[in-house]
2 protein chains.
Amino acid sequence: MTKMTEATYFILAALLEAPLHGYGIIKRAGEQSAGRVKLAVGTLYGALDRLAEAGLVVVDREEVVDGRPRRYYRITDDGVTAVREEAVRLQQAARVVTGQIAVMGA
Amino acid sequence: MTKMTEATYFILAALLEAPLHGYGIIKRAGEQSAGRVKLAVGTLYGALDRLAEAGLVVVDREEVVDGRPRRYYRITDDGVTAVREEAVRLQQAARVVTGQIAVMGA
DNA sequence: GACCATATATCGGGAGCCGATATATGGGCT
DNA sequence: AGCCCATATATCGGCTCCCGATATATGGTC
């Protein structure tokens, strides 16, 4: 089953376009879901640690902006594969109830 | 957000067609997901208690077959609404990654 | 000065999944 | 006869993980 939690899924999804730092991930996840997903900070950092340990994300670079540190995370190839597989699982799960066939491209 | 767990979702989905007893729900969920979802018994009964308390399912009837008790659960109108809303959420979540638009009927 | 957005980090509580265990019956295999 | 398996319900403890609260720090707005 290789289950993935919802928070983990949206974190990976947020990193698909470009590397982001923690706070940026929270904002991006909110944007992508039209405000429905609000990642709590306590959720984020724990999840990022787990993702890094699993090799699905890596620290891209660290910066200091206005005295505040910023740690950018980048999704790995394994991370991309994992989040795409999870997207397929979500769609299949939805189909069980909707009974509708989704049009899927690449 | 009104989050619903994966186990809860598949339990409600399994009950959409007809009332089922606990063990039947486990088998039905496996069928509907092509064997991907395997509900653990410890998960099932706890989840059913929570669903009953929330009014999303009710006990339909109790039977005794071959000396073994069977308790049938039935999904309520609120349960149907909840599982449909969750299906939409899952589809929207999947779309964040796939970027594809799904064809939806009713 | 107070508050808010930005930014990272930790801790504790609570929810919930899951394997193990217990109990019970009937069928199939050896 | 003995054993395992499928069926069927129920409970318990461990573990994962989400999340709010808290702490710390800076710069802009009011």
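Because the structure is predicted, anything quoted here is derived from the model rather than measured.
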(message) Working to the nearest 0.5 angstrom, can you tell me the gap between B:Leu16 CG and B:Arg28 CZ?
(response) 9.0 Å
(message) Output the rounded distance in Å from NZ (B:Lys27) to P (D:dA6).
(response) 11 Å
(request) May I have the distance from A:Tyr72 (atom OH) to C:dT8 (atom P), rounded to whole angstrom? (result) 9 Å
(message) Closest approach to the side chain of B:Ala7, judged atom by atom: which nucleotide of C:dA9, C:dC17, D:dC18 is it?
(response) C:dC17
(message) From NZ of B:Lys38 over to P of C:dG19, roughly how many Å is that when rounded to an integer?
(response) 11 Å
(message) Does D:dT16 have its OP1 or OP2 closer than 4.0 Å to a side-chain nitrogen or oxygen of A:Thr5?
(response) no
(request) Please report, rounded to the nearest Å, how far the P atom of D:dT16 is from the CE atom of A:Met4. (result) 17 Å
(message) So does B:Leu90 get a backbone contact from the side chain of B:Tyr9, meaning a donor-acceptor N/O pair under 3.5 Å?
(response) no
(message) In whole Å, I'd like the distance from the NZ atom of A:Lys3 to the P atom of D:dC15.
(response) 16 Å
(request) Would you kindly give the OH-to-P distance between A:Tyr23 and C:dC4, to the nearest whole Å? (result) 12 Å
(request) Enumerate the residues from residues 40-63 of chain A whose closest heavy atom to DNA chain C is under 4.0 Å, giving them by residue number; use none for an empty result. (result) A:Val41, A:Gly42, A:Tyr45
(message) Strictly below 4.0 Å, N to O, side chains only: are A:Arg50 and A:Glu53 in salt-bridge contact?
(response) no
(message) Main chain of B:Ala29, side chain of B:Ser33: is a donor-acceptor contact present, judged purely on distance under 3.5 Å?
(response) yes
(request) May I have the distance from A:Ile26 (atom CD1) to D:dG20 (atom C1'), rounded to whole angstrom? (result) 13 Å
(request) Report the residues that fulfil side chain to side chain contact (heavy atoms under 4.5 Å, CB included) with A:Asp78, sequence neighbours left out, ordered by chain and then residue number. (result) A:Leu56, A:Thr76
(message) I'd like to know if the side chain of B:Thr43 and the backbone of B:Leu39 have a donor-acceptor N/O pair within less than 3.5 Å.
(response) no
(request) Please state how far atom CG in A:Leu39 lies from atom P in D:dC17, giving the value in whole angstrom units. (result) 15 Å
(message) As a quick check of understanding, evaluate side chain to side chain contact (heavy atoms under 4.5 Å, CB included) for A:Met4 and A:Leu12, giving each step before the final call.
(response) CA-CA 11 Å; A:Met4 180 183 293; A:Leu12 289 179; 3.9 Å; yes
(message) Please pick, from C:dC17, D:dT7, D:dA10, the nucleotide with the shortest atom-to-atom distance to any side-chain atom of B:Arg71.
(response) D:dA10
